[in-house]
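Keep in mind that this is a model prediction, so the values were computed, not measured.
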Amino acid sequence: MSQAVTILGSTGSIGVSTLDVIARNRDRFHVLALTAHSNVQKLAEQCSRHEATYAVIGQAKLAVELQAALKQLGSNAKVLSGAEGLLEAA
């Protein structure tokens with residue numbers, strides 16, 4: 001059984017590095033949730049690539065844009081947003 005991981009700030013340099021480690025250790029870890037403040041496109045790509053269950057965008061006004069980007073990439077990640085979404089992911 002693999003360990004579920006949530007990455008707060010997945011589009012930043014530390015988040016990107018963490019996702020690289022997870023990708024090399026898929027037998028040990030899987031992505032539960034990825035979060036970003038406002039980088040919709042990068043977050044959507046990461047959620048699609050890592051099969052995240054949740055995609056969380058800090059700026060609530062970007063939730064619709066994130067949902068559209070995920071759909072275009074074929075990701076089924078559930079969109080959460082704002083402070084409430086970040087709290088739920090954490």
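- Heavy-atom neighbours of Ile14 CD1 from other residues, nucleotides or ligands within 6.0 Å: at or below the threshold of 12.
- The main-chain N or O of Ser10 is found under 3.5 Å from a side-chain atom of Gln46 such that the two form a donor-acceptor pair.
- You'll find the side chain of Tyr54 reaches within 4.5 Å of the side chain of Leu32, heavy atoms only.
- Note that the CD atom of Gln41 and the CG atom of Leu62 stand 12.0 Å from one another [nearest 0.5 Å].
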* side-chain contact (heavy atoms from CB on, under 4.5 Å) between Thr11 and Val16, intermediate numbers included -> CA-CA 6 Å; Thr11 61; Val16 169; 5.8 Å; no

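- Between Ser2 and Asp27, the closest heavy-atom pair is CB-O, 3.8 Å.
- Heavy atoms only, all atoms of each residue included: Gly58 and Leu86 are closest at CA-CD1, 4.1 Å.
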* Start with the C-alpha gap between Val5 and His30, add the side-chain angles, then the distance that decides, and say whether side-chain contact (heavy atoms from CB on, under 4.5 Å) holds. => CA-CA 6 Å; Val5 177; His30 69 274; over 6 Å; no

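- Using a 4.5 Å cut-off on side-chain heavy atoms (C-beta onward), Arg28 and Met1 make no contact.
- Of the inter-residue distances, the one linking His50 atom NE2 with Thr18 atom OG1 reads 10.5 Å to the nearest 0.5 angstrom.
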* Asked: Can you check side-chain contact (heavy atoms from CB on, under 4.5 Å) on Leu43 and Ile57, steps first, answer last?
  -> CA-CA 8 Å; Leu43 178 60; Ile57 194 77; 4.1 Å; yes

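- Nearest heavy-atom pair, Ile7 versus Gly15, reported as atom, atom and distance to 0.1 Å: CG2-CA, 3.9 Å.
- The minimum heavy-atom distance between Arg26 and Arg49, with the atom names listed, is NH2-O, 3.5 Å.
- A single hydrophobic cluster is not seen to contain both Leu80 and Leu66; linkage of ILVMFWY side chains at heavy-atom distances under 4.5 Å, directly or through other members, places them apart.
- With contacts defined as side-chain heavy-atom distances shorter than 4.5 Å, the pair Ile22/Val31 qualifies.
- In the hydrophobic clustering of ILVMFWY residues, with side-chain heavy atoms under 4.5 Å counting as a link, Leu70 and Val56 come out apart.
- Within 6.0 Å of CG on Asn25 lie more than 12 heavy atoms contributed by other residues, nucleotides or ligands.
- Between the side chain of Asn39 and the main chain of Lys42, a donor-acceptor pair closer than 3.5 Å is present.
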* In sequence, state the C-alpha distance, the side-chain angles, and the governing distance for Lys78 and Thr53, and then conclude on side-chain contact (heavy atoms from CB on, under 4.5 Å). => CA-CA 6 Å; Lys78 179 180 176 187; Thr53 304; 5.9 Å; no

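- Atom NZ of Lys71 is separated from atom OG of Ser48 by 14.5 Å, given to the nearest 0.5 angstrom.
- Under a hydrophobic clustering in which Ile, Leu, Val, Met, Phe, Trp and Tyr are joined whenever their side-chain heavy atoms come within less than 4.5 Å, directly or via other members, Phe29 and Leu19 fall into the same cluster.
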